[in-house]
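Sequence lines set the chain letters: A, B, ... in the order given, protein chains first and strands last, and positions in each chain run from 1.
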Amino acid sequence: MMNSTAPTLLLAGLNDKQLEAVTLPHQSALILAGAGSGKTRVLTTRIAWLIQTGQVSPHGILSVTFTNKAAKEMLTRLGAMLPINIRGMWAGTFHGLCNRLLRAHHREVNLPATFQILDTADQLSAIKRIMKVMNVDDEKFPPKQVLGYINSCKEEGLRAYAVESYDSHSQRMREIFEEYDKQCQREGVVDFAELLLRCYELLSNNASIREHYQHRFRYILVDEFQDTNRLQYLWLRLLAGSDNCIFAVGDDDQSIYAFRGARVGNMRDFEHDFNVQNIVKLEQNYRSHSNILDAANAIIMHNRNRLGKNLWTSAGKGEPIRVYEGYNDKDEAVFIVDEIKALHAEGMELGQIALLYRSNAQSRILEHELFSAGLPYRVYGGLRFFERAEVKHALAYLRLIASGDDDTALLRVINFPTRGIGARSLEQLQELARQQDSSLWQAACTKAGDGKPGRGLDGFVALIKQMQEESIGLTLPEQVELATRLSGLRDHYAADKEGEDRIANLDELVNAAIAFNNQEIGMQVDENGEVAMSILAQFLAHASLESGEHQADAGRDALQLMTVHAAKGLEFNTVFISGVEEGLFPHEQSSFEANGLEEERRLMYVAVTRARQRLYLSFAQSRMLHGQVRYGIPSRFLDEIPEELTKRLNSIGSKSNGYNQPVPVAPVARPQANMPWKIGQAVAHSKFGQGVVVNYEGNANDLRVQVNFGKAGMKWLALEYAKLETL
DNA sequence: TGGGATTACCTTTTT
DNA sequence: GGTAATCCCA
């Protein structure tokens, strides 16, 4: 059934390299796809081409991405390319796919059919809980640190028993890890990393299941390969077996998630382990003008350990990169807002302008100025819909309807809205649960029997039982409505004068349930013909795995505010990168990590390559950070951009040319009596070069100053010895 | 037990 | 500076 004209049509308009990648033979391949080089197009066209040329049916394809958004986009584009039904294809995130596999084979991995998924906040509270039981000092073992430890172990593919411990501290960590996993198993819950690890174990311990899927998925395609962690890589290797081929697309220069376990090294390992003969580099950029690309290339060139790649474009040089220097953060923000106002007045859509920053804390002052100027804007990131407190409360009630043994859910709402169950009653309950080795819910039932309506533990038990009974036979949206009402959540928020938004969110949850219900109907039997879990359990899994995507007023034309991380994969006509200062970008913390600076540089590379036509870089001499005024100097990344690509919009300080010079809005430094040095003073050192005084200690006779030298780093210098010149 | 007050935190983030 | 968690008192 091969259609000879269709593939030609499909391939029309691809450049040579893209065409080569799309039509590679059945072998593993690595596609190095630079920013804006048509990566998603190659990926989707590859799938369409494989199907259309009859090499494989949709059933034989597995497509893996990192975000639900990317998965959705791929399916949408594919749907537009192919006239046939692609339902049989598996496409999703690593976590979504593992969830699917575990649901289908829950018996083999010893999980209940209705196992629940803990998000990070749930996981943290579960860790705190087990630490309390184990009597662990949370000063010595900060729960967040324990969480990081457990997740990174799992992401390396390690169980507690397999972790090495060198001293009593790491030994204790290991024990907490072990007990935490036991607790999760008891409660029938899994965290995000566990989804992957459990699935990996399923495939590695169970030959027939492994072979089944190996036989099925002849073609595996992976997006953003540079972001895979160790375990994801091992999982892929297991699924691929010896016969299947992996089509990996990635860009080592855009690897910005090492801090959460991503291993760029997987790209080199992949080359070796899969005997990759085909490495295709997509270097032609269809997004930006060459001034922008040249700047990006110049920056990333300073990194060692690259696979090597240089973006080019046939578009012209375009506009110079505009650089602005502010006196302080407010001055910088005012400049950005004025500039955006002017662009908007000239007719540019606000949605085509992005305002990027390194860390979320920077958005506040920008938002303040935008708000005063009356410019509509939208901030990405921050609290997601399914992570809002009221939504999590409602979901906890639903989880208790699905399975009472979920201790995390029970603890979240046993006294919310308050019903007179305090710390003492809880302790008694936990003690009883421990004695009879049961879940808290079972202990509560023992204590209260069937319970009687009202306050206290009796009331709570009666309430949950009532919910469980009344929800039988209801549709999903009705169940959600029932939970939000019977629980008293609605009444509680109605009594609160600021509860309006929260009730609106509860309504939105009902809407989400309606949407989910419509979409999932008819999908309740899995491919083996087994009756799948209840629609409620499916909805709960969906809520954990897809916490984002529920954003209000997405349609309105508004300026886009986000961190550089959040901007990855997006593009805009005009991009502002603010706070391009030492200590902020590159971030101070990065210097404590191995290769931290290189990751910051990749981050800058990502930021710069978001812009199509116009790019602004701005920095400020001083800014409020953590409630203190901090003095910074321009980022080293600015120096890495060739001067001929940039245009300085202003110049303040000694190098003033008088052009467009703003008036100082606030005293920059506070002068110190009897001090030859003041904070904010520019200085020069014979070895470290130029810098700025940021702090001092001691008295006039024995004074030490802290100087930010930028490239040479932050130094404490004793004035008695160090030869410092004022500038 | 629960609400008001005080105090520790503070890069980046998807699942 | 802003928030979330914890502390303390009624």
- Query: For DNA chain B, what residues of residues 221-237 of chain A have any heavy atom nearer than 4.0 Å?
  - Reply: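 Output list: empty, so none.
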
- Query: Can you name the side-chain hydrogen bond (donor to acceptor under 3.5 Å, both in side chains) partners of A/Tyr616, sequence neighbours left out?
  - Reply: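 For A/Tyr616 the side-chain hydrogen bond (donor to acceptor under 3.5 Å, both in side chains) partners, ignoring immediate neighbours, are A/Glu339, A/Arg614.
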
- Task: May I ask you to say what A/Tyr257 touches in the nucleic acid, namely base, sugar-phosphate or nothing, with a heavy-atom cut-off under 4.0 Å?
- Result: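 Touches sugar-phosphate only.
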
- Message: Need one value for A/Glu600: base, sugar-phosphate or nothing, where a base atom within 4.0 Å counts as base even if backbone is also close, heavy atoms only.
- Response: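 Base contact - A/Glu600 has a heavy atom under 4.0 Å of at least one base atom.
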
Length of the [atom1]-[atom2] vector between [X] and [N], whole Å:
{"X": "A/Asn99", "N": "B/dT15", "atom1": "CG", "atom2": "C1'", "result": "11 Å"}
{"X": "A/Lys154", "N": "B/dT14", "atom1": "NZ", "atom2": "C1'", "result": "17 Å"}
{"X": "A/Asp119", "N": "B/dT13", "atom1": "CG", "atom2": "C1'", "result": "13 Å"}
{"X": "A/His565", "N": "B/dT13", "atom1": "NE2", "atom2": "P", "result": "7 Å"}
{"X": "A/Leu97", "N": "B/dT15", "atom1": "CG", "atom2": "P", "result": "13 Å"}
{"X": "A/Phe259", "N": "B/dT15", "atom1": "CZ", "atom2": "P", "result": "13 Å"}
{"X": "A/Lys568", "N": "B/dT13", "atom1": "NZ", "atom2": "C1'", "result": "11 Å"}
{"X": "A/Phe66", "N": "B/dT13", "atom1": "CZ", "atom2": "P", "result": "16 Å"}

- Within the structure, does a side-chain N or O atom of A/Thr563 lie under 4.0 Å from either OP1 or OP2 of B/dT13?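 Checking B/dT13 against A/Thr563, a side-chain N or O does come within under 4.0 Å of OP1 or OP2.
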
- Query: Side-chain N or O of A/Asn68 less than 4.0 angstrom from OP1 or OP2 on B/dT14?
  - Reply: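 It does not, given that no N or O in the side chain of A/Asn68 lies less than 4.0 Å from OP1 or OP2 of B/dT14.
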
- Query: Quick one: does NZ or CZ of A/Arg378 land under 6.0 Å from the six-membered ring centre of A/Tyr380, within 45 degrees of the ring axis?
  - Reply: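 Here A/Arg378 passes the 6.0 Å and 45° test against A/Tyr380.
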
- Item | B/dT11 pyrimidine/purine six-ring stacking with A/His587, under 5.5 Å and 30° |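 By the stated criterion, A/His587 and B/dT11 stack.
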
- Would you call A/Gln232 and A/Asn229 a side-chain contact if the rule is heavy atoms closer than 4.5 Å?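 The answer is yes; the side chains approach within 4.5 Å.
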
- Nearest heavy atoms of A/Asp253 and A/Asp251, plus distance in Å: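 Closest heavy-atom pair between A/Asp253 and A/Asp251: N-OD1, 2.9 Å.
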
For [Y], is there an ion pair with [X] - N to carboxylate O distance below 4.0 angstrom?
{"X": "A/Glu187", "Y": "A/Arg399", "answer": "no"}
{"X": "A/Glu588", "Y": "A/Arg358", "answer": "no"}
{"X": "A/Glu599", "Y": "A/Arg602", "answer": "yes"}
{"X": "A/Glu224", "Y": "A/Lys39", "answer": "yes"}

- Please walk me through it: do A/Arg636 and A/Glu582 pass salt bridge (Lys or Arg N to Asp or Glu O under 4.0 Å)? CA-CA 7 Å; A/Arg636 71 192 75 191; A/Glu582 284 296 302; 2.6 Å; yes

- Item | ring pair (Phe, Tyr, Trp, His ring centres under 6.0 Å) partners of A/Phe259, counting only residues at least two apart |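 If we apply the ring pair (Phe, Tyr, Trp, His ring centres under 6.0 Å) test to A/Phe259, skipping adjacent residues, the hits are A/Tyr257, A/His565.
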
- Item | Nucleotide of B/dT12, B/dT14, B/dT15 approaching A/Arg358 most closely (side-chain heavy atoms) |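 Taking heavy atoms from C-beta onward, the closest nucleotide is B/dT12.
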
- Message: With hydrogens left out and only the distance checked, is there a donor-acceptor pair under 3.5 Å joining A/Thr120's side chain and the base of B/dT15?
- Response: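 Result: at least one qualifying N/O pair found.
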
- Query: Distance only, no hydrogens: is a donor on one side chain within 3.5 Å (strictly under) of an acceptor on the other, for A/Arg103 and A/Asn99?
  - Reply: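 A/Asn99 and A/Arg103 do have a side-chain donor-acceptor pair below 3.5 Å.
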
- Message: For chain A and DNA chain C, what are the first and last nucleotides along the strand, 5' to 3', with at least one atom under 4.0 angstrom from a heavy atom of the protein chain?
- Response: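 Here the contact window of chain A covers C/dG1 to C/dG2.
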
Might you list the N or O atoms of the protein lying below 3.5 Å from N or O atoms in nucleotides 1-10 of chain B, with each pair's distance?
| from | atom 1 | to | atom 2 | distance (Å) |
| --- | --- | --- | --- | --- |
| B/dT1 | OP1 | A/Gly422 | N | 2.9 |
| B/dT1 | OP1 | A/Ser425 | OG | 2.7 |
| B/dT1 | OP2 | A/Ala423 | N | 3.1 |
| B/dT1 | OP2 | A/Arg424 | N | 3.1 |
| B/dG2 | OP1 | A/Gly420 | N | 3.2 |
| B/dG2 | OP2 | A/Asn415 | ND2 | 3.0 |

- What is the glycosidic conformation of B/dT11: syn, defined as within 90° of 0, or anti?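 The base of B/dT11 is oriented syn (glycosidic angle within 90° of 0).
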
Identify all side-chain donor-acceptor contacts of residues 141-151 of chain A below 3.5 Å with residues at least two apart in sequence or on another chain.
| from | atom 1 | to | atom 2 | distance (Å) |
| --- | --- | --- | --- | --- |
| A/Asn151 | OD1 | A/Gln123 | NE2 | 2.8 |
| A/Asn151 | ND2 | A/Gln123 | OE1 | 3.4 |

